[in-house]
Chemist: 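Let me begin by handing over the structure; questions about it come next.
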Amino acid sequence: MKTSVLYFVIPCYNEEEVLTETAKRLYAKCQQLIRAGKISASSHILFVNDGSSDSTWEIVRQLHRKNAIFSGLSLSRNRGHQNALLAGLMYAKDYCDISISMDADLQDDIGVVDEMIARYEGGKDIVYGVRNNRDTDSSFKRGTARAYYRTMNRLGVEMIPDCADFRLMSRRALTGLAEFKEVNLFLRGLVPMIGYPSDKVYYKREKRFAGTSKYPLKKMVSFALEGITSFSVKPIKMITNTGLLVFLASLVFLIWGIAQKVRGVTVPGWSSLIVSIWAIGGLILLSIGVIGEYIGKIYMEAKERPRFLIDQVLDSGECKVDGEIGLLR
Ligand code: UDP
Ligand code: MG
């Protein structure tokens, strides 16, 4: 049987502190898998440089020079994690049988890769790496993550809880993913929509090996909102329903007001008036905001701007499976 070509796809943004170690560990894993006949010797470790401003790309070039098993894509500028990952996957799909995407910071456990490949051999097209606990997260991150998954679920978005972007995808699944043309990218919601047979493997997520998180709170919040508005129109429906309720309530008040007038007991009513003005005003602004979010999305999608542009590609030469890569300590 022909062995499968595996591409590891690793998005990297300013990861100079951790990249050498990541490369070393991935290389060891590839060596082991190739020797065991699990994957083809023309497998690759593909780093996607997402417009880093440090020496990330220089390190990738050095690695590639040392051993062609390391290949690299460099995007024209920083486009964000999701776009960088997509760039790597879309590049890999023309060459690989299987892709495994993971973060550069060694939080994802390389140890479960064997299991992922075994599930693929067993006929699965997508194998999700799911964290079995959130011990390494702050309690704030844990709480918000849980609330988020619950909200997404209620909004009807099919997401795998506790699965970041550590997953195996077959070539067929990647070809399926390529059919989704949206610019507002939220891969965690998109991949389950592909629909081919899938499975999960569980792993313990470690702390970042070195360097700092490239996802500050602000980015995380906008990523979460992106997920909601990219996959669900329920917030708009909720606005319609709230609007309807408020309208009905105002009808009741109208009748009550007339009745009071007829009975001649109208009071100055300044406070209730001012409260309702603020309440309705707030509601209207909020509603316009939510609708604006969706219109903004339509605007971005209508422009059909490219999701990423590739500046440089390093992918040539012969992979060496034996021996050490001299550069790596
Ligand atoms: N990343 C990227 N572009 C960005 C931000 C992050 O390619 O604009 C990469 C980053 O190098 C890492 C992965 O996305 O490989 C996840 O980022 P990070 O580990 O900082 O996020 P966290 O684990 O803290 O949520
Ligand atoms: Mg991380």
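Order of appearance sets the numbers: ligands from 1, and atoms from 1 within every ligand. Predicted, not measured: the structure shown is a model, and the values here were computed from it. Heavy-atom basis, side chains included; hydrogens, waters and symmetry copies ignored.
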Chemist: More than 12 heavy atoms of other residues, nucleotides or ligands under 6.0 Å from NZ of K181: is that the case?
Modeler: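 Check passes, neighbour count above 12.
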Chemist: Would you tell me whether Q62 and R65 have side-chain atoms, one donor and one acceptor, within less than 3.5 Å of each other?
Modeler: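 Q62 vs R65: no donor-acceptor pair found between side chains.
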Chemist: Consider ligand 1: state whether an atom of it lies below 4.0 angstrom from any non-hydrogen atom of M220.
Modeler: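 No, M220 has no heavy atoms under 4.0 Å from ligand 1.
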Chemist: With backbone taken as N, CA, C and O and side chain as the heavy atoms from C-beta onward, which portion of M102 lies under 4.0 Å from ligand 1: side chain, backbone, both, or neither?
Modeler: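 Neither; no heavy atom under 4.0 Å.
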Chemist: Pick one of side chain, backbone, both or neither for how K141 approaches ligand 1, counting any non-hydrogen atom pair under 4.0 Å.
Modeler: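 The part of K141 near ligand 1 is the side chain, not the backbone.
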Chemist: Do R131 and Y202 meet the cation-pi criteria used here (NZ or CZ under 6.0 Å from the six-membered ring centre, within 45° of the axis)?
Modeler: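 Relative to the ring axis of Y202, which defines the angle, R131 lies outside at least one limit.
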Chemist: Of the choices H81, R205, K219, Q107, which has the non-hydrogen atom that lies closest to atom 14 (O) of ligand 1?
Modeler: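 Checking each option, the heavy atom nearest atom 14 (O) of ligand 1 is found in H81.
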Chemist: Regarding atom 11 (O) of ligand 1: of the candidates K214, E15, K207, R79, which has the closest heavy atom?
Modeler: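 Going through K214, E15, K207, R79 one by one, E15 has the nearest heavy atom to atom 11 (O) of ligand 1.
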Chemist: Any chance the side chains of R205 and Q107 put a donor and an acceptor closer than 3.5 Å?
Modeler: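 A pair is found: one side chain offers a donor N or O, the other an acceptor, under 3.5 Å apart.
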Chemist: Quick check: does T212 get an N/O under 3.5 Å from an N/O on ligand 1?
Modeler: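 Looking only at distances, the answer is no, because the N/O contact criterion of under 3.5 Å is not met.
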Chemist: Does D105 put an N, O or S atom under 2.8 Å from the Mg ion (ligand 2)?
Modeler: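 Short answer: yes, at least one N, O or S atom is under the cut-off.
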Chemist: Classify the side-chain pair Y91/D315 by whether it contains a donor and acceptor separated by less than 3.5 Å.
Modeler: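 Yes - a donor-acceptor pair under 3.5 Å links their side chains.
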Chemist: Return yes if a side-chain donor-acceptor contact under 3.5 Å exists between N132 and Y203, otherwise no.
Modeler: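 There is no such pair (donor and acceptor under 3.5 Å, judged by atom type) between the side chains of N132 and Y203.
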Chemist: Check whether any N, O or S atom of S213 sits under 2.8 Å from the Mg ion (ligand 2).
Modeler: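 So S213 does not count as coordinating the Mg ion (ligand 2).
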Chemist: Verify whether one side chain among Y215 and H81 offers a donor that lies under 3.5 Å from an acceptor in the other.
Modeler: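 A donor-acceptor contact under 3.5 Å links the two side chains.
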Chemist: So, is A84 polar-close to ligand 1, with some N/O to N/O distance under 3.5 Å?
Modeler: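 Between A84 and ligand 1 (N or O atoms, distance only) the closest approach is not under 3.5 Å.
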